[in-house]
Amino acid sequence: MTYLILIISGFLIGLIAAVPIGPVNLLCVRRTFAHGSVYGFLSGLGAALADVVFAAIVGFGFTAISQLIKSHSTPIEIVGGTMLLVFGVRTFLAPPQLRLDEGLKAKEADGATLARAMASTFALAITNPATLLTFTVMFAGVASIVGERASYFGAVLLVLGVAAGSTSWWFTLTTVAGLFHAKINEGVMTLINRISGAVITTFGVVVFGHLIWRMF
């Protein structure tokens, strides 16, 4: 019964970490509209992988790595904020590409391109130290509910649950977005690019605003 609780808890934690609308969600939806569900889903898997890394750090008690991330939170946030600004501006200025374009089909089928899509969202998600705190708090809550001594097997179940929960969200999000993809024309795609780009850029500005506020 305890093992089932750990798996379900991990699944819910993965969902909670992935669901909030943020730059990665917007980026994956926009990529799904532009390139199709597979491209969008693999982009989401990059973020899911980042969640698994953070979950493993907390679940397996990698204190040294956790402290390293916390002690270098400022440069990590600078990198993350810069990436948000770059992604935001690029998305805002991106031409209204549609998957019906034969050149885009060929590009989508290219494994290296899909790998880069996954790597870019992983880099974007892994440079958010706040996620580490989120997993620390939620894992502590699970430990208080289970009320047993921590074990590596229990940590494995939690991390696997997180992986399943996060992956389920990205699959659901990109599948639903993909259903509307056939109805997206150039005008709608342009609007999506402008809105997504503006919002993602705003997230980057907020990150730098937070860093400046923390300095004073």
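Everything numeric here is computed off the predicted structure, so don't read it as measured data.
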* To do: Given side chain to side chain contact (heavy atoms under 4.5 Å, CB included), test Phe54 with Thr136 step by step and report yes or no.
  => CA-CA 9 Å; Phe54 280 126; Thr136 301; over 6 Å; no

* Asked: What are the two closest heavy atoms between Leu15 and Trp169, and how far apart are they?
  -> CD2-CB, 3.8 Å

* Asked: Mind checking whether Phe60 and Val156 have side chains closer than 4.5 Å, heavy atoms only?
  -> yes

* Asked: Same hydrophobic cluster for Ile200 and Val19, using side-chain heavy-atom links shorter than 4.5 Å among ILVMFWY?
  -> yes

* To do: Return the orientation label for the Phe139 and Phe135 ring planes: parallel under 30°, perpendicular over 60°, tilted otherwise.
  => perpendicular

* Asked: Which value, rounded to the nearest 0.5 Å, describes the distance between His35 atom NE2 and Leu42 atom CG?
  -> 12.5 Å

* Heavy-atom donor-acceptor pair, Asn25 side chain to Gly44 backbone, under 3.5 Å -> no

* Would you say Leu191 and Val29 are hydrophobically clustered, going by side-chain heavy atoms of ILVMFWY under 4.5 Å? -> yes

* To do: Return yes if some donor-acceptor pair links the side-chain N/O of Thr121 with the main-chain N/O of Met118 below 3.5 Å, else return no.
  => yes

* Flag side-chain contact, heavy atom, 4.5 Å: Phe87 against Pro23 -> no

* To do: First locate atom CG of Leu179, then atom OG1 of Thr174, and finally report the distance between them rounded to the nearest 0.5 Å.
  => 10.0 Å

* Structure fact -> What one should report as the nearest heavy-atom pair of Val24 and Ala47 is CG1-CB, 3.6 Å

* To do: May I ask you to decide if Val162's main-chain N or O and Ser166's side chain share a donor-acceptor pair within less than 3.5 Å?
  => no

* For Phe171, all residues meeting ring pair (Phe, Tyr, Trp, His ring centres under 6.0 Å), sequence neighbours excluded -> Phe41

* Structure fact -> Heavy atoms of Met83 and Ser120 approach each other most closely as CE-O, 4.0 Å

* For a side-chain contact (heavy atoms from CB on, under 4.5 Å) with Thr82, tell me which candidate from Ile78, Leu85, Leu84, Val79 qualifies. => Ile78

* Asked: How far does CG of Leu49 sit from OG1 of Thr167, to the nearest 0.5 angstrom?
  -> 9.0 Å

* Could you pull out the closest heavy-atom pair between Gly178 and Thr32, with the gap in Å? => N-CG2, 3.6 Å

* Nearest heavy-atom neighbours spanning Arg30 and Ser196 -> CB-OG, 4.1 Å

* Shortest non-hydrogen contact between Thr175 and Ser37, atoms and distance -> CA-OG, 4.4 Å

* **Ile7 side chain reached by Leu160 side chain, heavy atoms, under 4.5 Å** => no

* To do: Look up atom CG in Asp51 and atom CH2 in Trp170, then write down how far apart they are to the nearest 0.5 Å.
  => 8.0 Å

